[in-house]
Amino acid sequence: MLRFENVTFKYSNSKENTLENISFTLESGEWLTIIGSNGSGKSTITKLISANLLVDSGKIFLYDKAYEVENLNLIRDNVAIVFQNPDNQFVGASVEEDVAFGLENKKIPSQDMEEIIVDSLSKVDMLEYRKAEPRNLSGGQKQRVAIASALAMKPKLLILDEATSMLDPKSRKEILNYIKKINIEEKISVISITHDAEELAYSNNVLFIDKGKILKKISADSMLENGKLLSDSCLELPFLDKLKVELNKKLNNDIFSINDDMEEVIDKLCKLVLKK
Ligand SMILES: Nc1ncnc2c1ncn2[C@@H]1O[C@H](COP(=O)(O)OP(=O)(O)OP(=O)(O)O)[C@@H](O)[C@H]1O
Ligand SMILES: [Mg+2]
């Protein structure tokens, strides 16, 4: 559904290209996680996809339509983005106005709006705050509203640029589970930028970016199976995974698989200690 062809981009005030010759494709229903160190160009990619920035050279296509002025409506109708800092994306004076804003732009009839607002705010557990002023919310609550506003648009491509970073682990899981559900059931594609290794479990593929260039695109499964690749990436691993990676390193053996749960790890450790 989305295709980058040799895309190069430079901010006007920077000397070097921020992105250089980037090519990749995203299928309908694919969940792609983009990984790269700070400043490698991940957010710039998302801003190009949401048409907030325009390429210097190369081409981007959505449903085989090039990113050109006459296709801007197609892009706006199908792509929704949630940024890392939710403060910069509030447009409404209240939570519900914020969700309604995008719907009005999309010319959704007002009698349908109430249902969409209630539905999307419930999905992120923020319905009771519908009359609240966004500036009075916590960072995590703001992120949830930003996610609700994006989901209300029923996009075909949802971009999460570190959009769950301020959430506590439980709410992050709940929201990611919900997005995974619509990703599968409604074939919504997801591009997610994250430093959280647990998100790999939701992804089909992983794109590695370094200094504005693509290093590789691999399947999330092969990434999860490769402890070294995981520990070398800039992902924050959960404790159990860190433990497994460190044990494998010390033992110089890939005994602990990234898929092992706590019970399996304990089992393997006992066998090692008791040499059974
Ligand atoms: N508006 C801007 N004007 C000039 N340079 C910018 C602008 N925004 C970003 N840059 C620069 O472009 C490069 C890529 O930035 P980008 O925000 O895309 O990186 P990122 O991978 O998203 O980083 P992070 O992990 O910190 O979010 C960086 O060197 C950054 O300083
Ligand atoms: Mg960024």
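Basis for what follows: all heavy atoms, side chains included, without hydrogens, waters or symmetry-related copies. Atoms within a ligand are numbered from 1 in the order they appear, just like the ligands themselves.
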Output yes when Arg3 and Asp64 qualify as a salt bridge under the 4.0 Å nitrogen-oxygen rule, no when they do not. yes
Around atom 25 (O) of ligand 1, find the nearest protein heavy atom and jot down its residue, atom name and distance. Lys42 NZ, 2.8 Å
Is the closest protein non-hydrogen atom to atom 7 (C) of ligand 1 under 4.0 Å? yes
Leu272 side chain reached by Ile255 side chain, heavy atoms, under 4.5 Å: yes
Measuring from the heavy atoms of Gly41, does anything fall under 4.0 Å of ligand 1? yes
Within the structure, does Gly36 bring an N/O atom to less than 3.5 angstrom of an N/O atom in ligand 1? no
If I compare all heavy atoms of Glu27 with all of Ser189, which pair ends up nearest, and what's the gap? O-OG, 3.2 Å
Show me which atoms of ligand 1 lie under 4.0 Å from any heavy atom of Thr18. 12 (O), 13 (C), 14 (C)
Looking at Arg130 and Glu114, is any side-chain nitrogen of the basic one under 4.0 Å from a carboxylate oxygen of the acidic one? yes
Proximity to ligand 1 by part of Asn38, non-hydrogen separation under 4.0 Å: both
Full working for side chain to side chain donor-acceptor pair (under 3.5 Å) between Thr44 and Tyr11: CA-CA 9 Å; Thr44 306; Tyr11 288 100; 2.8 Å; yes
Using a distance threshold of 2.8 Å, state whether an N, O or S atom of Thr44 lies below it from the Mg ion (ligand 2). no
Take atom 18 (O) of ligand 1 and look for protein heavy atoms under 4.0 Å from it; say yes if you find one, no if not. yes
To the nearest 0.1 Å, how far is atom 28 (C) of ligand 1 from its closest protein heavy atom, and which atom is that? Gly39 O, 3.7 Å
Among protein heavy atoms, which sits nearest to atom 10 (N) of ligand 1, and what does the distance come to when rounded to 0.1 Å? Tyr11 CE1, 3.4 Å
Does Ser43 approach ligand 1 within less than 4.0 angstrom via side chain, backbone, both or neither, non-hydrogen atoms only? both
Shortest protein contact, atom 15 (O) of ligand 1 (heavy atom only): Thr44 OG1, 3.8 Å
Evaluate the criterion salt bridge (Lys or Arg N to Asp or Glu O under 4.0 Å) for residue pair Lys65 and Glu70; output intermediate values, then yes/no. CA-CA 10 Å; Lys65 296 268 193 287; Glu70 65 263 31; over 6 Å; no
For the pair Glu16 and Lys10, find out whether any cationic side-chain nitrogen is under 4.0 Å from an anionic carboxylate oxygen. no
Salt bridge or not for Glu186 and Lys154, using N-O below 4.0 Å? no
Tell me whether Lys268 is salt-bridged to Asp260, with the criterion being a basic N under 4.0 Å from an acidic carboxylate O. yes
What atoms of ligand 1 come closer than 4.0 angstrom to any heavy atom of Asn13? 3 (N), 4 (C)
Contact check: Ser40 vs ligand 1, nitrogen or oxygen atoms, below 3.5 angstrom: yes
